[in-house]
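Before any comments, here is the structure.
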Amino acid sequence: MTIHMLPTQPFDGQRPGTSGLRKKVTVFQQPHYLENFVQSLFDVLGGLEATGQVGQALHGKTLVLGGDGRFHNRAAVQTILKLAAANGVAKVLLGQGGLMSTPAASAVIRARQAFGGIILSASHNPGGADGDFGIKYNASNGGPANETLTEAMYARTQVLTQLRLSDAPDLDIDTLGTRQLEQMQVQVIDPVADYAAVMRGLFDFELLRGLLKRGFTLRVDAMHAIGGPYAKAILEGELGAPAGSVVNATPLEDFGGLHPDPNPVNAQNLIDNMADAHAPDFGAAMDGDADRNMIVGRNFVVSPSDSLALMTAHAKLIPGYQNGLLGVARSMPTSAAVDRVAKALGLPCFETPTGWKFFGNLLDAGRATLCGEESYGTGSSHVREKDGLWAILFWLNLQAATGQSVETLVREHWRTYGRNYYSRHDYEGIDVEVAQGLMRDLRAALPALPGQTFGARTVRLADDFAYTDPVDGSVSRAQGVRLLMHDGARVIFRLSGTGTEGATLRVYLECYESDPARHDIPAQQALADLVALADQVAGIRARTGMATPSVIT
Ligand code: G1P
Ligand code: ZN
């Protein structure tokens, strides 16, 4: 085994987006593409620029490695191991088979006090040979690398000239145990164990066992992604849910052709099952890397924004949060339902830009305990990622503790706090120039909007969301255009930072209704005038040529 210094040339476009670097598998398969990105990461982590010496800060360090099992996962693991060994990493904790869910990777980094971790996933994006692949780095707090680090990595990718790579043969990544690669130890670990221990510490497993024993039924759709092994081990294995409660439980390289993005469109099968006369009591789905969740009752889909609000309202019923919450945080486009609960409970409530990385400082500083995003993401301070199975266990625990169904819980919540009608309209695959032009013109139009009236609504404030991190003072600008109405309704526009083809425009719509007699209007109907307003202000249809959004959630 020898370590080689291989000459390489920079690739364009290796700037990490909302959640790491995501590209088509075919892009990642180009010679040196993955190698360049990982070498740049190691150069930055190793302080190469600062010290002039390779791998300085990586000596003696442990990294966690694993992915969601999508196509190219196994090949990428072998490459990363050879790079890590050549760059002075002391030890890699590798999930068996190269697998680890995103929240579990966060849990392992924290439990084992690793220096950081590399997660291979394109989250909810489709997989397979012609699907997407992705890679991201999480720091020692278990959370996504901050922008300072990702920008430094990106800068490094642009000037990179050399790779350090071991020519060792491929390693056995499927058998538990420790093996050697150059001077580096590779310990293949059970990817579920550390994570399950964290869950045991948060939820009342005894109560849940009792609930399931009494015949409470559930259907958890893992969408042939990495959530399957976790859900099976915990829900069926430990809690005694009948075999088959977790469906699509085997991770497949192409997710069985499913689009592993748990929303009512992609998880139609679950929605159908939950609308059936013989529907189970509770339904849920997770995404490709198991950090997202969709919660479904009998014939009743819970909006992620409502889920966060409800969790906040009932947190004290869950053992892990029985002493109350330090605060809550939501991304800016997420509905303000949680704000009302926070106000009622006297909790600090933070509004951050889109992307889980913005919650990291608040969680680390003990200023927030629960966080959530409208994009089917909820989580807490137990790890530094959103966490699909955690949300499922939270809802199960809540139902066991209250004896109430999902629908009853949500309806009671609306009666107490009012309902924030909410929807997101995605326009996918737009020409990049067109999308950027739309946002540019929209931003230019902002100063003239306040005071303008559209039907029953008047614009109170129109701006481009900027966020000052209350912990480190860093400022993130241009995080999405907000139109805030006098009555609290909102329309928000931003471009996706996770797509791999063309541009995706996301339009977020929200209005508030306090009157319980008006809590049963279909969401699209309640929001119809805001949809029209959005088109009038941004010219979506005219510019994109799309009469309707490609996805409505
Ligand atoms: C999307 C979601 C965002 C989430 C991210 C990673 O990002 O909108 O809330 O944090 O995926 O799961 P976007 O494509 O909008 O940049
Ligand atoms: Zn995900």
Side-chain angles (χ1 to χ4, degrees), residues 15-22 67-70 100-106 119-127 132-136 138 143-145 147 150 222-223 225-227 230 251 255 259-263 266-267 285-294 304-305 307-308 329-335 351-360 371-379 383-391 422-430 435 439 465 476 478-481 492-508 550-551 553:
R15 174 183 254 134
T18 311
S19 204
L21 183 68
R22 284 191 200 166
D68 64 16
R70 64 179 61 227
M100 212 179 282
S101 78
T102 292
S106 187
I119 302 173
L120 304 173
S121 170
S123 184
H124 51 286
N125 294 14
D132 293 344
F133 190 74
I135 175 167
K136 71 171 182 168
N138 280 25
E147 264 174 10
T150 55
M223 302 188 92
I226 191 62
Y230 293 85
F255 305 119
H259 185 170
D261 188 3
N263 62 40
N266 296 320
M286 291 177 280
D287 75 329
D289 59 339
D291 60 352
R292 294 187 176 196
N293 73 89
M294 178 173 72
S305 299
S307 177
L308 175 64
R330 63 164 172 88
S331 68
M332 181 273 283
T334 302
S335 100
E351 184 179 38
T352 62
T354 293
W356 207 262
K357 62 187 170 207
F358 291 102
F359 296 134
C371 306
E373 292 192 284
E374 49 65 42
S375 51
Y376 297 85
T378 22
V383 288
R384 292 295 179 272
E385 291 279 3
K386 54 189 176 246
D387 189 343
L389 190 49
W390 168 88
Y422 189 82
S423 181
R424 185 175 101 185
H425 290 194
D426 289 341
Y427 296 83
E428 296 174 324
I430 309 176
M439 290 303 291
F465 183 62
S476 305
Q479 297 296 319
V481 166
I492 289 141
F493 303 83
R494 57 180 285 282
L495 298 183
S496 159
T498 58
T500 55
E501 255 172 332
T504 295
L505 171 69
R506 302 203 197 283
V507 183
Y508 308 84
S550 27
V551 181
T553 54

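Everything numeric in this text was worked out from a predicted model, so none of it was measured. In listed order, ligands and their atoms are each counted from 1.
- At least one heavy atom of Gly355 sits less than 4.0 Å from an atom of ligand 1.
- Rounding to the nearest 0.5 angstrom, the gap separating the CG atom in Leu120 from the CG atom in Asp68 is 8.0 Å.
- Note: no N/O pair closer than 3.5 Å links His124 and ligand 1 by distance alone.
- Ligand 1 has an N or O atom lying under 3.5 Å from an N or O atom of Gly497, backbone or side chain.
- Taking atom 9 (O) of ligand 1 as the reference point, the nearest protein heavy-atom neighbour is Ser375 OG, 2.6 Å.
- Atom OG in Ser121 sits 7.0 Å away from atom CG in Asp291 (nearest 0.5 Å).
- Side-chain contact check for Thr354 versus Glu373: some heavy-atom pair is nearer than 4.5 Å.
- Tyr230 approaches Ser101 most closely through the heavy-atom pair OH-N, 3.1 Å.
- Residue Thr354 has no nitrogen or oxygen atom sitting less than 3.5 Å from a nitrogen or oxygen atom of ligand 1, judged on distance alone.
- With respect to Arg330 and Glu351, a salt bridge is recorded, a charged nitrogen being found less than 4.0 Å from a carboxylate O.
- Note: no N/O pair closer than 3.5 Å links Arg22 and ligand 1 by distance alone.
- In this structure, the side chains of Thr378 and Trp390 come closer than 4.5 Å at one or more pairs of heavy atoms.
- Atom numbering of ligand 1 starts at 1 in the shown order; those under 4.0 Å from a heavy atom of Arg506 are 8 (O), 13 (P), 14 (O), 15 (O).
- Nearest protein heavy-atom contact of atom 7 (O) of ligand 1 is Thr498 CG2, 3.5 Å.
- Below 3.5 Å of separation, one finds an N or O of Ser496 facing an N or O of ligand 1.
- Near Arg424, with a cut-off below 4.0 Å to any heavy atom, the atoms of ligand 1 are 8 (O).
- Here the heavy atom of the protein found nearest to atom 10 (O) of ligand 1 is Glu373 OE1, 2.6 Å.
- Under a 3.5 Å cut-off, the side chain of Arg70 and the backbone N or O of Pro126 do form a donor-acceptor pair.
- Take a cut-off of 2.8 Å around the Zn ion (ligand 2): the protein N, O or S atoms inside it are Ser123 OG, Asp287 OD2, Asp289 OD1, Asp291 OD1.
- When Arg292, Lys136, Lys357 are each tested for a salt bridge (charged side-chain N to carboxylate O under 4.0 Å, His left out) with Glu385, only one passes: Lys136.
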> Step by step, would you call Thr504 with Asp426 a side chain to side chain donor-acceptor pair (under 3.5 Å)?
Replying inline: CA-CA 7 Å; Thr504 295; Asp426 289 341; over 6 Å; no
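- With rounding to the nearest 0.5 angstrom, the CE atom of Met439 is 9.0 Å from the CZ atom of Arg494.
- Closest to atom 5 (C) of ligand 1, if we only count protein heavy atoms, is Arg292 NH2, 3.8 Å.
- The CG atom of Asn266 sits 5.0 Å away from the CG atom of Asp261 when rounded to the nearest 0.5 Å.
- Panel note: side chain Ser423, backbone Thr553; a donor-acceptor pair is recorded below 3.5 Å.
- Atom 12 (O) of ligand 1 has as its closest protein heavy atom Lys386 NZ, 2.7 Å.
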